[in-house]
Amino acid sequence: MPHAILSIDQGTTSTRAMLFDRAGKVLARAQTELPQHYPADGWVEHDALRIWQDTLAVVRDALAGAGLAATEIAAIGVTNQRETTVVWDRQTGQPIHPAIVWQDRRTAAWCAAHHTPEREQWLADKTGLLLDPYFSASKIAWLLDHVAGARQRAEAGELAFGTIDSWLIWQLTGGAVHATDATNACRTLLFNLHTQDWDPELLAFFGVPASLLPQVQDCAADYGSSLPELFGAAIPIRGVAGDQQAATVGQACFAPGMVKSTYGTGCFMVMNTGSEMVRSRNRLITTLAYRLDGQPTFALEGSIFIAGAAVQWLRDAVKLIGSAAESEKWAREVDDTHGVYLVPAFTGLGAPYWDPQARGAIIGLTRDSGIAVIVRAALESVCYQTRDLLEAMRADGTTLPAALRVDGGMAGNNWVMQFLADLLDTPVERPTITETTALGAAYLAGLGIGLYANLEEISQLWACQQHFSPAMAAERRVSLYDGWVEAVSRVRSK
Ligand SMILES: Nc1ncnc2c1ncn2[C@@H]1O[C@H](COP(=O)(O)OP(=O)(O)O)[C@@H](O)[C@H]1O
Ligand SMILES: O=P(O)(O)OC[C@H](O)CO
């Protein structure tokens with residue numbers, strides 16, 4: 001059997017293809033940026049056909065880069081930005097509207113109008129989620145209500161819904177397979193974590209006809225094969241997971257209590273809770289880590305909307321730095337921010353606050369506060385927000401991890417990783433391969449095609465590139481975090 005695995009990683013800002021060998025070594029990669037469309041305040045859209053064309057292009061580039069033919073690829077793994085919603089015509093394969101992206105807030109008023117404490121509880125009990133525009137269901141309902149004729153066509157069975165994984169699988173298989181995996185399904189607000197299937201009561205509440213929905217499968221399963229004419233030969237599609245769940249697999253967080261934290265534009269922290277569906281009392285999400293052989297493995301997730309984006313803001317909006325990497329040099333220039341805190345609530349606050357009305361602030365400025373202090377405060381804010389999530393997990397009664405496994409662009413900043421270890425009083429570990437999202441999808445596809453016998457084999461492949469040990473005095477750690485809690489309280493709207 002061929003030993004290379006192709007991973008398609010369709011993210012919010014880019015589409016990439018990576019080829020891995022069985023040991024997880026990168027053989028080739030190709031990437032292209034994805035344009036963002038903001039047609040109205042709070043609206044964010046993607047061109048779904050462009051996503052498909054970009055996917056074809058990066059896969060072909062990666063194959064050419066590695067000098068491999070499609071016949072030398074054992075399987076395809078697909079991972080994707082989650083929640084983003086596409087509805088298309090089953091006959092023509094044409095989307096009826098641009099994709100509505102996870103960040104899109106157009107259904108905020110609908111969610112607010114339907115919010116009652118009882119309903120929040122009902123939804124959380126079934127789905128582990130909150131009634132928030134972030135998740136797919138209200139986006140689907142919006143499309144059915146605002147695109148002319150869409151509701152009748154959906155009821156007649158003419159339309160299909162999918163998150164980006166389903167959309168790409170449909171296109172890759174020429175419309176033969178309309179499927180999604182359980183980790184993507186559980187981000188829609190339509191999927192019942194207990195029954196592990198679509199829930200008729202939820203479909204009725206959101207007004208979504210069952211005929212729109214893809215079949216829900218395990219993360220390592222048979223998703224058909226790519227059409228032979230696309231890449232020169234058919235390639236089996238055997239692995240699928242949402243990007244944060246794929247990163248959890250790529251980080252080999254397979255034991256309960258293991259946590260990975262991904263620092264890209266935002267930060268997503270996922271704690272494996274095993275077969276136990278831990279219900280957060282602190283506004284974390286209960287979600288799936290993965291589902292294999294019909295067995296769900298659950299997780300607690302905290303989502304922070306602004307992490308690396310705070311560094312982009314320093315670079316692009318206020319122009320204090322010339323590059324993201326330069327932030328590290330500035331942070332090392334001062335030994336303290338002397339009470340200055342930057343709360344990057346640019347788009348409200350995510351977990352555990354869920355406060356869409358909060359806005360950002362810099363607090364505690366004096367005449368001595370220069371560029372270094374402000375840059376350092378921005379980097380520190382990412383660590384304080386991570387501590388907020390760990391505190392919420394601690395308050396939910398989970399055992400805190402022995403070490404935090406990190407990845408994503410910002411994990412390359414050694415100063416941030418050391419401050420993170422200090423502030424959490426927990427070791428931070430950065431793996432040799434930081435493209436853990438693509439790697440996780442490749443591992444799932446490898447499991448699906450039989451290249452790996454089990455998760456144990458995969459966990460042997462994880463290797464630490466750098467370990468950051470906590471070294472801060474307890475007193476300082478406590479007083480710094482107290483200052484952050486006070487700073488957040490000053491920007492909150494409720
Ligand atoms: N050395 C660095 N220090 C701080 N932030 C960084 C550094 N390198 C990259 N970043 C930040 O990481 C983000 C890019 O990470 P990436 O994982 O590619 O994100 P995404 O997949 O969300 O687009 C950017 O927001 C950038 O500002
Ligand atoms: O594409 P990313 O890496 O920004 O991840 C997006 C998340 O899946 C949204 O829930």
Side-chain angles (χ1 to χ4, degrees), residues 8-16 18 29 31-34 36 44 46 51 78-85 99-104 129 132-136 139 163-165 183-184 186-189 241-248 250 260-270 285 287 299 301-317 320-332 344 346-347 350-351 375-376 378-383 406-420 430 433-441:
I8 296 171
D9 176 4
Q10 205 301 303
T12 313
T13 56
S14 72
T15 303
R16 82 179 71 165
M18 293 188 71
R29 72 181 66 158
Q31 178 168 344
T32 185
E33 295 306 309
L34 181 65
Q36 311 291 307
V44 190
H46 287 162
I51 287 177
V78 178
T79 181
N80 55 290
Q81 51 168 322
R82 304 165 303 170
E83 300 97 12
T84 298
T85 297
I100 303 184
V101 178
W102 59 277
Q103 296 151 320
D104 191 291
L129 309 176
D132 191 275
Y134 176 29
F135 306 106
S136 313
K139 300 179 199 288
T163 38
I164 297 292
D165 56 315
T183 70
N184 273 295
C186 78
R187 316 292 300 192
T188 58
L189 273 172
D243 55 9
Q244 302 310 321
Q245 283 86 353
T248 306
K260 74 89 203 176
S261 207
T262 299
Y263 296 93
T265 309
C267 161
F268 296 89
M269 183 186 260
V270 177
I285 290 166
T287 194
E301 177 177 318
S303 325
I304 303 170
F305 300 141
I306 305 290
V311 178
Q312 286 169 344
W313 176 80
L314 291 174
R315 189 193 59 192
D316 303 337
L320 292 187
I321 55 175
S323 71
E326 202 186 292
S327 62
E328 179 161 353
K329 177 183 76 69
W330 283 109
R332 290 186 191 280
F346 302 144
T347 52
V375 171
R376 183 173 166 131
L379 295 181
E380 287 186 355
S381 74
V382 175
C383 306
V406 293
D407 52 63
M410 203 173 186
N413 187 315
N414 287 336
W415 184 86
V416 174
M417 294 301 107
Q418 183 57 49
F419 190 81
L420 185 63
R430 186 169 62 202
I433 296 184
T434 48
E435 279 106 343
T436 51
T437 300
L439 182 62

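Count residues from 1 along the sequence. Start at 1 and go down the list; that is how both ligands and their atoms are numbered. Note that the structure is a prediction, hence the values are computed from the model and not measured.
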Return yes if a side-chain donor-acceptor contact under 3.5 Å exists between Arg187 and Thr163, otherwise no.
no
Using heavy atoms and a strict 4.0 Å limit, residues surrounding ligand 1 turn out to be Thr13, Gly264, Thr265, Gly308, Ala309, Val311, Gln312, Ala324, Ala325, Ser327, Gly408, Gly409, Met410, Asn413
Sort out for me which residue in Asp165, Ile8, Thr183 forms a side chain to side chain contact (heavy atoms under 4.5 Å, CB included) with Asn80.
Asp165
Looking only at side-chain N and O atoms, does Gln10 offer a donor or acceptor that is under 3.5 Å from a partner on Gln81?
yes
Closest candidate by heavy atom, reference atom 3 (O) of ligand 2, pool Thr262, Asp243, Thr265, Thr84:
Asp243
Would you confirm whether Asp104, through its side chain, and Val44, through its main-chain N or O, come within 3.5 Å as a donor-acceptor pair?
yes
Judging by distance only, is a nitrogen or oxygen of Thr12 under 3.5 angstrom from one on ligand 2?
yes
N/O to N/O below 3.5 Å, does that happen between Arg82 and ligand 2?
yes
Strictly by modelled atom types, are Thr437 and Asp9 linked by a side-chain donor-acceptor pair under 3.5 Å?
no
Contacts under 3.5 angstrom, residues 409-417 side chains, donor-acceptor by atom type, not counting sequence neighbours:
residue : atom : partner : partner atom : Å
Asn413  : OD1  : Trp415  : N            : 3.0
Asn413  : OD1  : Val416  : N            : 3.0
Asn413  : ND2  : Ser327  : OG           : 3.4
Asn414  : OD1  : Arg430  : NH1          : 2.9
Asn414  : OD1  : Arg430  : NH2          : 2.9

Need the ligand 2 atom indices (1-based, order shown) with element for anything under 4.0 Å from a heavy-atom of Gly11.
1 (O)
Kindly indicate whether a cation-pi arrangement holds for Arg82 with Phe268, taking the cut-offs as under 6.0 Å to the six-membered ring centre and within 45° of the axis.
yes
Would you check if Leu34 and Thr13 make a side-chain contact, meaning some heavy-atom pair closer than 4.5 Å?
no
Quick one: does His46's side chain get under 4.5 Å of Gln36's, heavy atoms only?
yes
Any nitrogen or oxygen of Glu83, main chain or side chain, under 3.5 Å from a nitrogen or oxygen of ligand 2?
yes
Under 4.0 Å from one or more heavy atoms of Tyr134, ligand 2 contributes atoms 9 (C), 10 (O)
Logged contact type for Arg187 with ligand 2, heavy-atom cut-off 4.0 Å, is neither
